[in-house]
There are 2 protein chains.
Amino acid sequence: MEYSDKQLQIMEAAEFLFAENGFHGTSVRDIADKANINLAMVSYYFGSKEKLLEAIFSYRGESIKLKLESILQQQGMSSLEKVYLLVDHYIDKIMNRQHFHRILAREQVLNNSGPITDLILDMKRRNLEIISRLIHEGQEKGEFRKGIDIPMMMSVMVGTASNLITSKQYYKVLSNLEALPEEQFQQYIRDTLSKHLKFLFKTILTHEV
Amino acid sequence: MEYSDKQLQIMEAAEFLFAENGFHGTSVRDIADKANINLAMVSYYFGSKEKLLEAIFSYRGESIKLKLESILQQQGMSSLEKVYLLVDHYIDKIMNRQHFHRILAREQVLNNSGPITDLILDMKRRNLEIISRLIHEGQEKGEFRKGIDIPMMMSVMVGTASNLITSKQYYKVLSNLEALPEEQFQQYIRDTLSKHLKFLFKTILTHEV
DNA sequence: TTAATTCAAACAAACGTTTAATTAAATTTT
DNA sequence: AAAATTTAATTAAACGTTTGTTTGAATTAA
């Protein structure tokens, strides 16, 4: 699906507001104001507020697969190094798309069924498939141990990263980092998270339980 | 703060609906229907829908501290064993209060300020303080290594558990556990999560990075 | 008889969406 | 190349609902 500049302008405004105040906490009028467009344009372009959210999901969900595939096909690299690449790629993605990941974090908590739930499941399925292939490659090479609960491993990665980023305002206070400028704080989170996740994954993948 | 039976009845209905459909996705009329009370009683007892949510937060937030304290004071137990107790206690709490933890997971993503944000920060601060004391005890006894990032450790625990529980419908599908009855699935999550978190914490606390 | 509870009804405000008129852009015809 | 026509984009206003909250009378409990 292709989107015009005007549509992207609306989607970005909506993404910001949904992340900040939630879907139901954001009115179409809020979006129109933020995007500097007329109220009616949301319905005109997307049909409804709900479908606007779906558009955001499908737009942000698209660009995932490619980069992961390319990581998998790297030559002359151990499976663990590839896992490290994957971790950094995931952190990059979530850090660069913090608005969207706030929305995602909120939406996946809801017990709904519908297009959004399906899109989330698709995203998770795609991610799981890629990671599974990587883990199995490592197992066949004897690098990783057998009997790894891969969905659980994903929960550790996604959950830890998500928790840290979506509630970083709390992390900032609790770690006494309030003096740190926002940019440095972001870099700090990025580095600390990367280091910890790599350490955890190395342990999960190579040590026996 | 003490609550009457009628108030608790309203709070429980609201908790369920907020967890299922979100705060803004739930109307006062929905709550009144679910709790079998008149619409006006919400305002009568709590003042407003917002204050009802605050009441739920302060009510659920209260009962945390006591049990943790008692774990800390256990005699003849290694610090690692206490950490294990803490993990199981946390899993118990989150499993038994899934509705509330769904609300919590959603609310802490929002960038608001206000009473709820303050309550969440208080909860996190209390938890962090208890865990800090436990970790420091272990460090002084030489059981744990130095330089542990405790807020990060909490993010691993809270994030992983929260991710698993709030999005367990996805985990169920992705792990091919759809045939499992709900009760057994809950038990499976409980056990798997416990095992993994204990393993991770042992590694974080005793191994060098 | 006083106070606390419950109720149906009503309130204004905010909501998502639609309408019909207007302007801008693109396309076709002269 | 200009004019005419068609299509697309934009607008202010209005639509009917739903929202959270309040009211004032009726009922129950103290």
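Values below: all heavy atoms of this structure, side chains included; hydrogens, waters and symmetry mates excluded. All chains are named by letter (A, B, ...) in the order of the sequence lines, taking the proteins before the strands, and each is independently numbered beginning at 1. All of these numbers come straight from a predicted model, not from anything done at the bench.
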Quiz item: Between Ile37(A) and Gly47(B), which has a closest nucleotide on DNA chain D that is more 5'?
Solution: Ile37(A)

Practice problem: Give a yes/no on whether any side-chain N or O of Lys6(A) is located under 4.0 angstrom from OP1 or OP2 of dT10(D). | Solution: yes

Quiz item: Does OP1 or OP2 of dT10(D) have a side-chain N or O of Tyr44(A) closer than 4.0 Å?
Solution: no

Measure from the side-chain heavy atoms of [X] and tell me the nearest of [options].
X: Leu39(A); options: dA13(D), dC15(C), dT5(C); answer: dA13(D)
X: Lys49(A); options: dG16(C), dT23(D), dG20(D); answer: dG16(C)
X: Ala40(B); options: dT19(C), dT23(D), dT17(C); answer: dT23(D)

Rounded to the nearest Å, what distance is computed from the [atom1] atom of residue [X] to the [atom2] atom of nucleotide [N]?
X: Asn38(B); N: dG24(D); atom1: CG; atom2: P; answer: 17 Å
X: Asp33(A); N: dC15(C); atom1: CG; atom2: C1'; answer: 14 Å
X: Ile31(B); N: dT18(D); atom1: CD1; atom2: P; answer: 17 Å
X: Arg29(A); N: dA14(C); atom1: CZ; atom2: P; answer: 10 Å
X: Ile10(B); N: dC7(C); atom1: CD1; atom2: P; answer: 11 Å
X: His24(A); N: dT19(D); atom1: NE2; atom2: C1'; answer: 13 Å
X: Gln7(A); N: dT10(D); atom1: CD; atom2: P; answer: 10 Å
X: Tyr45(A); N: dA9(D); atom1: OH; atom2: P; answer: 5 Å

Quiz item: If you draw the axis of the six-membered ring of Phe185(B), does the NZ or CZ of Lys172(B) fall within 45° of it and under 6.0 Å from the ring centre?
Solution: yes

Quiz prompt | Six-ring centre of Tyr170(B), Lys124(A) cation under 6.0 angstrom, axis tolerance 45° | solution = yes

Exercise. Remember a base hit wins even if backbone is also touched, and classify Ser4(B) as base, sugar-phosphate or nothing at under 4.0 Å, heavy atoms.
Key: nothing

Practice problem: Remember a base hit wins even if backbone is also touched, and classify Ser43(A) as base, sugar-phosphate or nothing at under 4.0 Å, heavy atoms. | Solution: base

Self-check item: Backbone N/O of Asp88(B) and side chain of Ser194(B): donor-acceptor pair under 3.5 Å
Solution: no

Practice problem: Evaluate the side-chain proximity of Lys198(B) to Leu80(B): yes if any heavy-atom separation is below 4.5 Å, no if none is. | Solution: no

Quiz item: Between Thr117(B) and Asn112(B), is any side-chain donor less than 3.5 angstrom from a side-chain acceptor?
Solution: no

